[in-house]
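Only heavy atoms go into these numbers, but all of them, side chains included; no hydrogens, no water, no symmetry mates. All ligand and atom numbering here is 1-based and tracks the order in the structure.
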Amino acid sequence: MSLRSFRKVPTCDNDVLVVGSGAGGSVVARELAAAGRQVTVLEEGPRVGTDRIAAATPAENLRRLYRQGGLTPVFGTPTLAYGEGRCVGGTTVVNGGLLWDPPPALLHRWAAESGIGGYRAADLAGHLAAVARRLGVAAQPHGDGNRDSRLLAAGAEHLGWRWQPSQRAVRGCLHRNRCTTGCPSGAKQSMAVSYLPEAESLGARILPGTRVLRVLHRDGAVRGVLAAGPGGRTVVHRAREVFLAAGPLQTPALMQRSRIHRETAGRELSLHVNLRTVARFGDPVHADRGTIFTAQVHQFADDGVLMMPSNVTRGTLAAALASRPPQLLDRLLAAFALLGSYTTQVRLQGKARLRATPGGLLLRHGMTSADHSRLREAFRRTSEVLFAAGARELVPPVATARPLHTPAEAAEFCRRVRPADWELVSVHGMASARMGLPERGGVCDGHGRPHGFRGLRVCDASVLPGVTGISPQGTVMAFAHEIAERFLTAGPGRP
Ligand SMILES: Cc1cc2nc3c(=O)[nH]c(=O)nc-3n(C[C@H](O)[C@H](O)[C@H](O)COP(=O)(O)OP(=O)(O)OC[C@H]3O[C@@H](n4cnc5c(N)ncnc54)[C@H](O)[C@@H]3O)c2cc1C
């Protein structure tokens, strides 16, 4: 679809447009503004400052800061819920603030598999250091609370398993335990309080409430975008260069709607999924006191499995266990001080597929039998470490399952559980418009440009060559830094 089709629509001229203000878009906006480029960021969601986050309830923030309240369905066996942010700062406003460097071996493998050079550990080290410095990344101490994390670490040590303190992008965390519905103290260094204010101070413009509907191009040259601003008024934003950073679901959807790699963008979305286990201990845990978590079990990281506590309040616990029998829910809520809630993150082998529809998105995952075995094994290992930590009772993430009281009961449960039984969520999507040679299934080249297109780059989680296995934000930001640097070095429109 070209500019000519929209001759009657109001038009404005820009130098660089960035679509989306999350982890990828904010890096590009800041770096290009620092290099003296005129940057305009188009963000579909609202701008919600720390004061407004602090004044609202977690439930209000859930509705305001997430797309569809964090419940985008991904159909399959079982159907699961996907959560992503929709606000200035993107998903970084509602995430846990964990920031890990991508393992060098992963980057090495990606480079070999994708056929794209220049994104190995040595190439990204400077970018990762810049991210860590700007966001104040450091190991998070346990503090006064976080007994759920201490117990997990003690369980891991009892079994001789590896665990690590969490690395987080926070400055002066007050342990308010509301990370995933927006930090009420501004301590978490989301893009909304770090890269974006810096970009604005360097001259970048952010237009919240502006949804990009189509990328406009002709003969492979991108000229701008068609967007709906606040109130639904459509505007054509012309630009010399457009950076797509609408996130791992919305970027490929936008590409499909714009007839850019319609068949390949969104065909292979990689996901991590999370299992939630509620554990009852003999002594008070007070899991609502503390930050998201301060310890993560890495013993099975090579298999794509990580274990960690999750934020818990009475409200989130009741919501998570809503499909359990009322007597069980009442009993657990009455023992709230004794409970911890734990997340097991599992890297899926099977890819999800995404189709843009007139009303939104249709997503379907393709979990393999290896994935189902991995889920069972991941839960069995989680129960092992929680019993070693002193748990008396575990409530597994299966609505119809009875609570488990011993490792033997957990092992028996794992033998019987069926794929459709699991209650799963996902908050990590990536590689849906991945970098790679076209003959290896790649959608974008080493500059983030969709193959065959000029004036367009992808710079968010979509462009990663594969699935990280770890929290992806650090990797997304390092890739975005490299894409921005390559753009500034090569100059617009040049290879
Ligand atoms: C609850 C939760 C916890 C998480 N915890 C962690 C963690 O601790 N560590 C970690 O590394 N990762 C975490 N993640 C994931 C991480 O935040 C994402 O991987 C990362 O933010 C992705 O960056 P992105 O730039 O691709 O997209 P996003 O950060 O999602 O940004 C995309 C932006 O584009 C906007 N947009 C979408 N479509 C359009 C459009 N058509 N027009 C204009 N704007 C549009 C969206 O509104 C959004 O603001 C978590 C995610 C969730 C949901």
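The shortest distance between side-chain heavy atoms of Met191 and Val93 does not fall below 4.5 Å. The shortest distance between side-chain heavy atoms of Thr291 and Arg168 falls below 4.5 Å.
Note: His447 and Phe487 fail the aromatic proximity criterion, with ring centroids not under 6.0 Å apart.
For ligand 1, the protein residues within 4.0 angstrom (heavy atoms only) are Val19, Gly20, Ser21, Gly22, Ala23, Gly24, Leu42, Glu43, Glu44, Tyr66, Arg67, Gly83, Gly85, Arg86, Cys87, Gly90, Thr91, Thr92, Val94, Asn95, Gly96, Gly97, Leu98, Thr180, Thr210, Arg211, Val212, Ala245, Ala246, Gly247, Pro248, Gln250, Val427, His428, Asp460, Ala461, Ser471, Pro472, Gln473.
Here the CE atom belonging to Met430 is positioned 7.5 Å from the CG atom belonging to Leu271, to the nearest 0.5 angstrom.
Between Glu60 and Arg178 there is no salt bridge, since no side-chain N of the basic residue sits under 4.0 Å from a carboxylate O of the acidic one.
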>> Does Arg176 form a side-chain contact (heavy atoms from CB on, under 4.5 Å) with Cys183? I'd like the steps, not just the answer.
In response: CA-CA 8 Å; Arg176 299 282 299 278; Cys183 179; over 6 Å; no
